[in-house]
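Take a look at the structure set out below.
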Amino acid sequence: MFGGQTSFHLVTDSAVRTGRVAEQPQGTTVAGIRPRLALFILLTQAVMVWWVADSEIARSISLICYSLMMTTALYLLFVRLLRRWLTFTREELLMGYIVLTATIPIIGFGGLRFLMPGMGFFPYFSQTQPQWSRYLPYLSHLPILHDPEAIRALYRGQSGVQWEAWIIPIAFWSLYLVLLTGIWIGLAALLHRIWIRQERLTFPITVLPLQLTDPQDDLLRRPLFWLGFAIPAVLQSLLALHDWYPAIPAVQLKVTYVKIPLFQSPPWNAFPDFPLGVYPMAVGLAYFVPSSISFSCWFFWLVTRLLYVVGAAFGLEVGDTAAARFPYKEEQAAGAWIAFALMVGWGARLHWKSLTRQLTPDELRTTRLLGWLAVGCTLLCALMMMVTGIPPLFALMIIGVYVAYVLSGARIRAEAGGQWTFAPATWTPHRVANAALGTQNLPEGAIVAGGYFDLVHVDIRAQSLPYLMEGLKIADSIGLRWRTVLAWVAIGTLTALAVGWWSSLTHFYALGAATAKSNAYAMWKVQYGMQQMHSLASTRVAWDRSGVLAACAGGAFTLLLASLRMRLNVFPLHPVGYVMANTITMNAFFLTFLIAWTAKVLVQRFGGSKGYRRSLAFFVGVTLGDIVTQADWALMGKIFDVPIYQFLT
């Protein structure tokens, strides 16, 4: 299909077992792929990483916060349009897509993006905000910025990067992020066959790359695809033009929160503000989700919001503040995510025996080795926390909760897709450990160190496991060797970090992380995280009794739903819906899940399976049209150096 190539240069495990091809590709290879493909991937990655840094830091346009990233969606479209002139096969180009999607996020939210503006936070802001001065004595042994001039230049800008001051922070935090990637690679090796072949999860995010490059079904020749593509292209472009010229009419798509007019009197007025907005990409992705899961998502969102009404009816103080915590939304979410991860691990254990019978001795040995790699990297992550002063039990619990969050996020993506992947927002791993073990006897220096690790742990979108599992699903569908995929994700992680530190620090030092020229979200996230740390340090308690009990209740309910789902074939509710219900994802995309579920039910009711298959082209077009339109406007902003409408809330 691509470039007239008929040879396949990436050897599959199934092909090796059946003896249809040689175990190694012929000619010179680099970690299992042709040198020209390796060079193509690395050069493309470098360009994308630089573009992401420029767009997100200097222009406040988010390119990689989505499950389907704008940069890699453009990559898919370009290689599809240029297929006649490219000397790569479909399999090789999708190999590039897998590596790019699994490695570029590490420079974003929950990776380098929050770490960099946090490295000099206390010394710089203690000059104007005295409450931070109490933490200065605990900084001397931490892997952060210590040079006063490098700190000043980071936040004020108009300067070159003082690299000598960054040697220790770059080395320490790069090692930590690489160890996290080692955990994800090990878990992917253990779980991917179980999820893909034995549990047969749907992986909704993989529909677009597989459909767009399918040689048997040319989407670009189907009118339904272009109809779907045109709708978000027109609507989003009108919004961008309206931002420049207000006289141009446009329909607001991004979420705004409104009070429901019918809910004006007690106890109904306790119902939280309703998210009103439609993201075309989110509608498209939700359409690929099984109906029972999409129904559970919007159903449980409504149920958890009605708990506010129930609480108000019984005279409880409801809300999401320290004084009014009922119905303990964040705590429920934390318990649900941890229980869901435990359930995933237990389910994999039940499949392990049958899996080992399907593997060759070499594959089994590699899988076990990578499983031990995950264990070793987990312990090393805990050790790195201990080096900064965090007690061993706290360190082990923090990394354990974080692994549970990322594993649950990957499973949620494999079953329910979603435009974003958010774990519990305020009950971070650091907060969970402190709530369960108490802060009464915890050294203040340990709380400060935990605040810095929370710059990584606060957001799971930078971690590769969800992308890696989707990539291995694509690899399984088209015959790529999974060990080659994992090897190149490891290589790509190192190169993405190298280019990411350079490009991101260059932009921060040029603009100033604390100035109006730089994206405000990263700096706000650092400030919010440090305020949470300050709250923990200022309020010492034995343990958070009510919060932990609420988390246990959320976990127990998740396990109950899973048990009912397994035992009763007619039970309509899926635990994924409850796990997602109290997260930012569902709060933003409740309406899109409802729209997609309604559309899918109607199509299947009146068009059957044939009608559903035909409709996929339309929703692939909707999804791609939204991503590409936003990316094109971002490129236009860069080329012409003009401000661009922010498509996200």
Side-chain angles (χ1 to χ4, degrees), residues 118 121-122 126 129-139 142 307-308 311 314-339 342 382 385-386 388-405 423-459 525-558 582-583:
F121 179 84
F122 290 122
S126 63
Q129 302 172 27
Q131 72 269 28
W132 305 123
S133 299
R134 63 183 279 194
Y135 304 115
L136 295 180
Y138 305 109
L139 303 182
L142 295 180
L307 288 177
Y308 289 85
F314 282 92
L316 299 175
E317 289 288 334
V318 298
D320 299 317
T321 65
R325 297 171 66 181
F326 188 87
Y328 296 93
K329 178 170 70 75
E330 282 291 317
E331 294 84 344
Q332 282 190 65
W337 279 64
I338 294 169
L342 293 174
M385 292 186 216
M386 293 180 220
T388 64
I390 299 175
L393 185 58
F394 279 81
L396 289 170
M397 188 166 187
I398 289 170
I399 191 61
V401 172
Y402 187 60
V403 170
Y405 280 3
T426 60
W427 264 54
T428 63
H430 187 215
R431 178 71 177 273
V432 171
N434 289 321
L437 302 176
T439 58
Q440 195 170 32
N441 300 314
L442 188 64
E444 192 156 271
I447 298 177
V448 174
Y452 279 103
F453 279 95
D454 248 10
L455 297 178
V456 174
H457 299 157
V458 71
D459 197 326
K525 199 69 175 179
V526 172
Q527 291 174 330
Y528 181 79
M530 294 308 177
Q531 286 167 358
Q532 293 292 307
M533 183 279 300
H534 179 61
S535 175
L536 288 172
S538 302
T539 309
R540 299 304 190 96
V541 294
W543 67 298
D544 184 355
R545 185 190 191 102
S546 59
V548 171
L549 290 176
C552 290
F557 188 64
T558 302
N582 289 308
T583 65

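Heads up: numbering here begins at 1 and tracks the sequence.
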### Task
Look at the aromatic rings of Trp132 and Tyr135 and report parallel, tilted or perpendicular, splitting at 30° and 60°.
tilted

### Message
Side chains of Leu316 and Tyr308, heavy atoms from C-beta outward: is any pair under 4.5 Å?
### Response
no

### Task
Quick one: closest heavy-atom pair of Gly547 and Asp544, and the distance?
N-OD1, 3.1 Å

#### Entry: 4.5 Å side-chain heavy-atom contact, Leu536 and His430
yes

### Message
Show the nearest heavy-atom pair for residues Trp543 and Ala436, with the distance to one decimal.
### Response
CB-O, 3.8 Å

### Query
Cut-off 3.5 Å, side chains only: do Arg134 and Ser538 have a donor facing an acceptor?
yes

### Message
Determine whether Phe326 and Glu317 satisfy the following criterion, side-chain contact (heavy atoms from CB on, under 4.5 Å), listing intermediate values before the conclusion.
### Response
CA-CA 7 Å; Phe326 188 87; Glu317 289 288 334; over 6 Å; no

### Message
Side chains of Phe453 and Ile390, heavy atoms from C-beta outward: is any pair under 4.5 Å?
### Response
yes

### Query
Is a donor on one side and an acceptor on the other found under 3.5 Å between the side chain of Gln332 and the backbone of Ala550?
no

### Task
Dump the intermediate steps for side-chain contact (heavy atoms from CB on, under 4.5 Å) on Phe121 and Gln527, then the final yes or no.
CA-CA 8 Å; Phe121 179 84; Gln527 291 174 330; 3.6 Å; yes

### Task
Calculate, to the nearest 0.5 Å, the distance between atoms CZ and CE belonging to Arg431 and Met533 respectively.
13.5 Å

### Task
Specify the closest pair of heavy atoms between Pro429 and Tyr405, including all atoms of both residues, with the distance to one decimal.
CD-CE2, 3.9 Å

### Task
Supply the atom-to-atom distance Tyr402 OH to Asp454 CG, rounded to the nearest 0.5 angstrom.
10.0 Å

### Message
Within the 3.5 Å criterion, strictly below it, is a donor on Asn434 or Thr439 matched to an acceptor on the partner's side chain?
### Response
no

### Message
Whether the side chain of Glu330 engages the backbone of Ala425 through a donor-acceptor N/O pair (distance < 3.5 Å, no angle test) should be reported.
### Response
yes

### Query
Are the side chains of Pro391 and Leu442 in touch, meaning some heavy atoms are under 4.5 Å apart?
yes

### Query
Atom CD in Gln129, atom CD in Gln531: separation rounded to 0.5 Å?
8.0 Å

### Task
Test side-chain contact (heavy atoms from CB on, under 4.5 Å) on Tyr452 and Val448 and set out the steps.
CA-CA 7 Å; Tyr452 279 103; Val448 174; 4.1 Å; yes

### Query
Considering only heavy atoms from C-beta outward, does the side chain of Met385 approach that of Ile398 to under 4.5 Å?
yes

### Query
Below 4.5 Å, heavy atoms only, C-beta onward: do Ile447 and Arg540 meet side chain to side chain?
yes

### For Val318 against Ala324, the heavy-atom pair lying closest together
O-CB, 3.7 Å

## Note on the structure
When every non-hydrogen atom of Ser546 is compared with those of Arg325, the smallest separation belongs to OG-NH1, 3.4 Å

### Task
Report yes if some heavy atom in the side chain of Val541 is under 4.5 Å from a heavy atom in the side chain of Gln440; otherwise report no.
no

### Task
Write down the atom of Gly118, the atom of Leu455, and the distance for their closest heavy-atom approach.
CA-CD1, 4.0 Å

### Query
Do Trp337 and Thr583 touch side chain to side chain, with heavy atoms closer than 4.5 Å?
yes

